[in-house]
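Nothing here was measured: the structure is a model prediction, and the numbers come from that model. In what follows, chains are A, B, ... by sequence order, proteins preceding strands, each numbered from 1.
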Number of protein chains: 2
Amino acid sequence: MYHAPLKELGFVLHQLIDDGQLEGLPGLAEYSPEFADSVLQEAAKFAEQVLDPINVLGDQEGAKWTPDGVRMPPAFKEAYRQFVAGGWPQLRATQEYGGQGAPTVLGTAVEELWGSANLAFKLCPMLTQAVIEAIHRCGTSRQKDLYLPRLIRGEWTGTMNLTEPQAGSDLGAIRMRAIPEGDSFRLHGQKIFITYGEHDYTPNIIHMVLARIEGAPAGIKGISMFIVPRVLVGADGSLGEPNDVRCVSIEHKLGIHSSPTCVLSYGEKAGAVGYLVGEPNRGLEYMFIMMNAARLSVGLEGYALSERAYQHALAYARERVQGRPAQATAPVRDKPLPIVFHADIKRMLLAMKSQTEAARAVALYGALQLDLGRYHPDAATRAAAQARGDLLIPIIKAWATEMGVQSASLGVQVHGGMGFIEETGAAQYYRDVRITTIYEGTTGIQANDLVGRKVGRDGGTAMGALIADMLEELRREAPSDSAGDRSAALAAVELLKEATAKVLEFTGRGPEHVQAIAVPYLMLSGYAIGAWLMARAQSQAAGRIDEDRGFYSGKLQTTRFFLQHALHEVRAQAAIVTGGGGAVVEADPDLF
Amino acid sequence: MYHAPLKELGFVLHQLIDDGQLEGLPGLAEYSPEFADSVLQEAAKFAEQVLDPINVLGDQEGAKWTPDGVRMPPAFKEAYRQFVAGGWPQLRATQEYGGQGAPTVLGTAVEELWGSANLAFKLCPMLTQAVIEAIHRCGTSRQKDLYLPRLIRGEWTGTMNLTEPQAGSDLGAIRMRAIPEGDSFRLHGQKIFITYGEHDYTPNIIHMVLARIEGAPAGIKGISMFIVPRVLVGADGSLGEPNDVRCVSIEHKLGIHSSPTCVLSYGEKAGAVGYLVGEPNRGLEYMFIMMNAARLSVGLEGYALSERAYQHALAYARERVQGRPAQATAPVRDKPLPIVFHADIKRMLLAMKSQTEAARAVALYGALQLDLGRYHPDAATRAAAQARGDLLIPIIKAWATEMGVQSASLGVQVHGGMGFIEETGAAQYYRDVRITTIYEGTTGIQANDLVGRKVGRDGGTAMGALIADMLEELRREAPSDSAGDRSAALAAVELLKEATAKVLEFTGRGPEHVQAIAVPYLMLSGYAIGAWLMARAQSQAAGRIDEDRGFYSGKLQTTRFFLQHALHEVRAQAAIVTGGGGAVVEADPDLF
């Protein structure tokens with residue numbers, strides 16, 4: 001049974017990253033920490049009472065393809081109905097079109113609960129939110145008026161259509177054709193891996209489709225974005241004839257079985273009617289608006305599943321009696337005890353919990369930067385915060401999901417043999433989480449984005465500013481650092497600084513050199529930034545221990561464990577980065 | 001399509017670990033490197049042509065429980081028939097009862113091929129071999145005469161029955177009762193997680209069952225071992241009435257779907273007839289004979305699946321065209337190329353391949369020690385080799401399987417989105433391999449065995465002797481060490497030495513302290529010992545490069561990558577070990 005970690009979320013939001021900074025900012029007039037708490041309490045109820053109970057059922061039943069369309073498990077349809085009735089699709093959407101305009105940081109906190117309780121369900125509103133964002137930022141006012149209110153009310157959902165069989169990470173290879181016809185276009189081609197590309201939650205689905213207008217330049221500079229509704233929409237928003245788009249099949253996947261992953265065929269008849277978004281040939285740029293939001297949201301899936309796997313493993317470890325632990329903390333030494341008292345079980349649980357907390361801290365800090373980048377009245381502050389948020393997105397996406405995979409695997413391990421039995425439930429997280437390091441850009445793609453567009457392009461300015469802030473804070477005297485934990489965080493950030501200098505140096509040698517060490521660099525960035533925030537959390541917990549001894553003592557345990565381990569991880573990865581990727585660059589694929 | 005790595009196996013056996021040492025030893029008169037090669041060639045054919053083609057089918061169909069028994073996929077029955085016809089069950093079995101008496105090192109090399117091609121299939125002969133070993137070493141001559149020839153011919157198969165619902169890692173909690181009745185016993189109780197506890201390959205199955213004779217002492221000192229045939233056997237070996245044992249159900253598992261994991265109910269009627277093996281109350285000791293053999297064999301499953309996942313990922317990376325690699329080694333720069341030329345794909349493939357090679361080297365080295373421990377004419381050499389083999393078993397079991405899990409996960413990642421689609425095949429390895437760090441003792445159990453029974457009990461003698469040998473070899477001048485790879489291996493082994501001293505120090509402080517750092521210590525042991533053998537492989541490859549430029553250049557690539565990365569891993573884990581497990585020991589489970 002899932003329990004939303006409300007106390008932890010309150011701690012991170014209000015104390016660790018200080019969401020009070022957003023209070024009273026123009027455009028966020030209604031936001032306050034108290035408002036966030038009340039939203040999170042309602043979200044917790046929905047996650048615990050509606051989404052969590054159908055998670056296993058969703059895994060077992062899955063979405064089903066039929067010639068008449070994709071059929072979702074009825075319990076999922078009902079959950080979606082309640083999701084809409086509860087007003088959840090509105091949370092982050094613009095107030096101009098009926099949304100509540102909540103900041104990204106609150107949206108991120110809430111989405112964690114959806115992700116923990118039911119990842120397959122969570123993907124539908126995530127993509128709809130991305131479509132809302134894209135139409136709001138790039139669409140015509142007619143498009144906004146027509147689509148946004150219905151998407152924001154959750155009456156319709158949205159999808160991103162990028163991938164084609166020959167065009168995965170390389171979007172320049174997209175072939176889908178768009179032929180002008182009056183004010184609109186006719187689209188022909190096939191898209192694959194379309195999450196929630198078909199379902200029976202809602203009578204319409206708004207596909208955001210990348211395609212080439214006839215005669216457009218080759219490569220990424222010839223790609224445009226189109227709105228292609230599943231069912232054609234009249235000027236008054238009424239539904240007309242079905243559009244010429246069909247779900248040919250859905251994938252049989254390792255996990256997230258109730259998230260239909262569709263092959264969509266456009267234009268088998270006269271061509272699917274599509275409406276250009278923004279200017280021609282700027283589709284990729286617009287798609288990245290959606291992508292960035294989605295990448296942050298996938299990053300949170302990493303720790304959302306880690307949290308869920310942790311709770312599940314902890315419950316088992318407290319219940320399963322096996323062996324006489326050697327552990328000094330065991331209350332009784334002479335009879336079998338729950339395995340939570342075994343040293344190695346504790347080690348695994350601490351690893352899972354501390355990784356979850358560190359990733360959550362970095363993700364919510366990053367989300368807050370995006371809000372400051374959007375709403376802060378001072379232009380320079382806005383620009384710096386936006387740059388910092390953009391810098392953090394690939395780190396959050398890749399580092400948090402890689403740790404999520406590790407954590408779900410540890411969750412299986414804590415269960416021993418029972419972990420391998422599907423009915424236990426631990427295996428589902430191990431299967432579900434495995435997509436998170438892949439979709440919306442693999443870990444390798446995120447790492448190349450980090451070393452290329454985020455660090456290389458500005459010569460390390462945004463990363464340098466973050467490192468300077470972290471060093472300044474960590475060099476200040478801590479209330480107590482008897483175990484040297486704060487020094488460990490400081491050492492980790494200093495290694496990040498050295499590694500960043502190396503990345504910039506390698507950038508000059510050519511992309512192959514920097515790409516060969518990009519993933520190790522990204523991972524150490526995550527650990528170092530995580531260590532900075534965990535050191536801050538440790539100081540705050542030490543200072544407030546009398547306010548809530550249970551919670552803050554727990555926080556001291558996880559921060560201590562994380563800080564002692566993170567530095568070793570950072571050292572190992574930094575050694576790989578500074579050593580250069582020679583063993584990779586010079587390796588000849590013919591000799592594999 | 002799986003290709004048995006025959007050249008690599010020949011290199012490891014004949015050059016790297018020098019199996020020539022076994023030639024002419026008493027009891028191994030027929031063994032020679034040439035003999036090993038001819039066996040491996042035949043095994044390769046069987047693995048590639050019979051086992052590999054049905055691996056996916058086995059995953060999809062799985063074993064099926066019916067009221068009349070467990071039904072295997074017909075293709076698996078046929079494969080088993082061919083396995084027996086080919087004489088494979090005889091390979092490692094004692095010549096006294098019709099086996100071929102091949103050494104453990106050859107058996108281990110051959111079993112890798114079964115594991116890579118079809119893990120679910122491989123488990124049946126693995127357990128039968130363990131039963132053969134146990135009856136041969138502990139049974140009466142009557143038991144040997146009756147059971148061994150049929151087990152060795154593969155006419156019957158065998159199982160290990162340890163686990164009960166309340167007795168997993170803690171075998172002292174076993175409750176199954178054995179009531180004396182004349183020369184035999186009547187057994188009552190339930191066993192779970194019994195691999196191949198029921199199937200329709202053969203007309204009989206010999207269960208080796210742990211149970212308590214009425215009135216036996218509590219805990220592990222009151223456990224005896226029994227032979228319980230599924231079908232009762234006449235004095236002439238003829239099959240009689242079914243015994244009172246029934247497969248109640250089989251588990252629905254994450255992977256290895258065609259390996260039936262059974263719940264066996266004994267004695268629902270008059271009691272299952274069982275025959276005591278050896279002396280009463282020494283069952284656990286006998287079971288460990290089986291367990292040790294099985295642990296080595298599970299260890300090889302880790303790199304067997306890593307090899308399979310690597311081959312699969314490499315084939316995809318060579319075929320999948322996507323993007324313009326930045327890689328200098330790419331033959332053409334101006335058009336899309338296979339992703340094998342992307343730096344990060346190369347990095348992942350090198351990680352998979354080098355881990356596989358290092359684990360294989362350590363496992364075959366360990367297996368060779370067991371053979372020297374059994375067959376060497378000099379008693380002192382035998383004792384030292386046996387101690388070294390015993391020391392290495394938990395390291396091979398846990399380190400190789402943990403790396404197998406990592407490697408299979410990387411295999412999914414190399415495939416990108418396709419990796420998450422079941423039809424691609426990469427996901428099966430990710431699912432199948434997940435059991436290997438659990439069964440036959442979890443990684444935590446192996447680590448406790450290592451720090452307790454293997455290092456703590458002899459005060460570090462066996463480990464110290466291995467470290468001394470490794471240091472002596474690594475300090476000798478290498479033909480060339482321009483990249484410092486040999487120095488890296490030396491540094492890794494020196495860190496293992498320091499960490500071992502710490503383990504002995506912590507042993508004095510109480511088991512909780514040493515168990516808290518046991519897994520990090522085990523992992524660094526694996527990397528350090530792997531680094532030693534990979535450094536040796538590098539020297540040999542450099543010296544022989546003209547003999548086979550393709551193979552040895554590839555070996556130089558993987559050894560270089562491994563040595564550069566292993567040291568960083570060892571450093572990280574050694575820092576955790578020497579830092580002590582304070583953050584774990586002092587963590588209070590109530591605060592989780």
Side-chain angles (χ1 to χ4, degrees), chain A residues 168-170 193 251-254 314 322-323 326-329 340-341 343-344 346-347 349-350 405 409 412-413 416-417 419-423 427 434-435 437-439 442 444 511-512 515-516 518-519 553-554 557 560-561 564-565 568-569 571-572 575-576 579 583-585 587-589 591-592, chain B residues 168-170 193 251-254 314 322-323 326-329 340-341 343-344 346-347 349-350 405 409 412-413 416-417 419-423 427 434-435 437-439 442 444 511-512 515-516 518-519 553-554 557 560-561 564-565 568-569 571-572 575-576 579 583-585 587-589 591-592:
Chain A
S169 297
D170 180 10
F193 293 162
E251 306 293 350
H252 172 222
K253 304 191 300 297
L254 176 61
L314 176 61
Q322 192 72 181
Q327 201 51 35
T329 50
V340 72
F341 291 101
D344 193 56
K346 286 168 71 180
R347 183 188 63 82
L349 290 170
L350 280 168
V405 172
S409 185
V412 170
Q413 192 72 16
F420 200 64
I421 309 298
E422 284 287 0
E423 284 79 357
R434 194 63 196 78
I435 189 59
T437 65
I438 297 172
Y439 62 12
T442 62
E512 63 269 45
Q515 288 176 12
V519 170
S553 301
Q557 278 188 184
R560 183 179 174 199
F561 183 90
Q564 294 184 4
H565 284 72
H568 307 315
E569 274 297 333
R571 278 217 183 98
I576 292 169
V584 174
V585 172
D588 177 357
L591 297 174
F592 279 144
Chain B
S169 297
D170 179 11
F193 293 162
E251 306 293 350
H252 172 222
K253 305 190 301 296
L254 176 61
L314 175 61
Q322 193 72 183
Q327 201 53 32
T329 51
V340 73
F341 291 101
D344 193 56
K346 286 169 71 179
R347 183 187 63 82
L349 290 171
L350 282 168
V405 172
S409 185
V412 170
Q413 192 72 17
F420 200 65
I421 308 299
E422 285 286 0
E423 284 80 357
R434 194 63 195 80
I435 190 59
T437 65
I438 296 172
Y439 62 11
T442 62
E512 63 269 44
Q515 288 176 12
V519 169
S553 302
Q557 279 187 184
R560 182 180 175 196
F561 183 90
Q564 293 185 3
H565 285 72
H568 306 315
E569 275 297 332
R571 277 216 184 99
I576 292 169
V584 174
V585 173
D588 177 357
L591 297 174
F592 278 143

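Between chain A and the residues B/Ala427, B/Ala575, B/Gly444, B/Gly554, the largest count of heavy-atom pairs under 4.5 Å involves B/Ala575. The most heavy-atom pairs under 4.5 Å with chain A, out of B/Arg434, B/His252, B/Glu422, come from B/Arg434. Taking chain A as the reference chain and counting heavy-atom pairs below 4.5 Å, the highest number among B/Leu591, B/Leu254, B/Asp170 is found for B/Leu254. Ranked by heavy-atom pairs under 4.5 Å with chain A, the list B/Ser169, B/Ala572, B/Gly579 is led by B/Ala572.
With a threshold of 4.5 angstrom between heavy atoms, B/Leu314 approaches chain A through side-chain atoms but not through N, CA, C or O. Residue B/Ala518 does not touch chain A at all, counting heavy-atom pairs closer than 4.5 Å. Residue B/Arg571 does not touch chain A at all, counting heavy-atom pairs closer than 4.5 Å. For B/Phe592, the parts sitting under 4.5 Å from any heavy atom of chain A are the backbone and the side chain alike.
Between A/Ser409 and B/Val405, the closest heavy-atom pair is OG-CG1, 4.0 Å. Of all heavy-atom pairs spanning B/Ala587 and A/Leu350, the tightest one is CB-CD1, 3.7 Å. Contact detail for A/Ala516 and B/Ala343: the closest heavy-atom pair is N-CB, 3.8 Å.
B/Glu423 contributes atom CD, which lies 7.0 Å from atom CD of A/Glu251 (distance to the nearest 0.5 angstrom).
Within the 4.5 Å cutoff, the side chain of B/Ile421 has heavy atoms near those of the A/Lys253 side chain. Side chains of B/Val412 and A/Thr437 form no contact here, defined as non-hydrogen atoms less than 4.5 Å apart. Side-chain contact between B/Ser553 and A/Asp588: absent, with no pair of heavy atoms (C-beta onward) separated by less than 4.5 Å.
Among residues two or more places apart in sequence or in another chain, the ring pair (Phe, Tyr, Trp, His ring centres under 6.0 Å) test is passed with B/Phe420 by none. For B/Phe561, the ring pair (Phe, Tyr, Trp, His ring centres under 6.0 Å) criterion is met by B/His565, not counting sequence neighbours.
For the residue pair A/Gln413 and B/Thr442, no side-chain donor N or O sits within less than 3.5 Å of a side-chain acceptor on the partner.
Of the possible polar contacts, none joining the B/Arg347 side chain to the A/Gln515 backbone as a donor-acceptor pair under 3.5 Å is found. Listed for the A/Lys346 side chain is a donor-acceptor partner under 3.5 Å among the backbone atoms of B/Val585.
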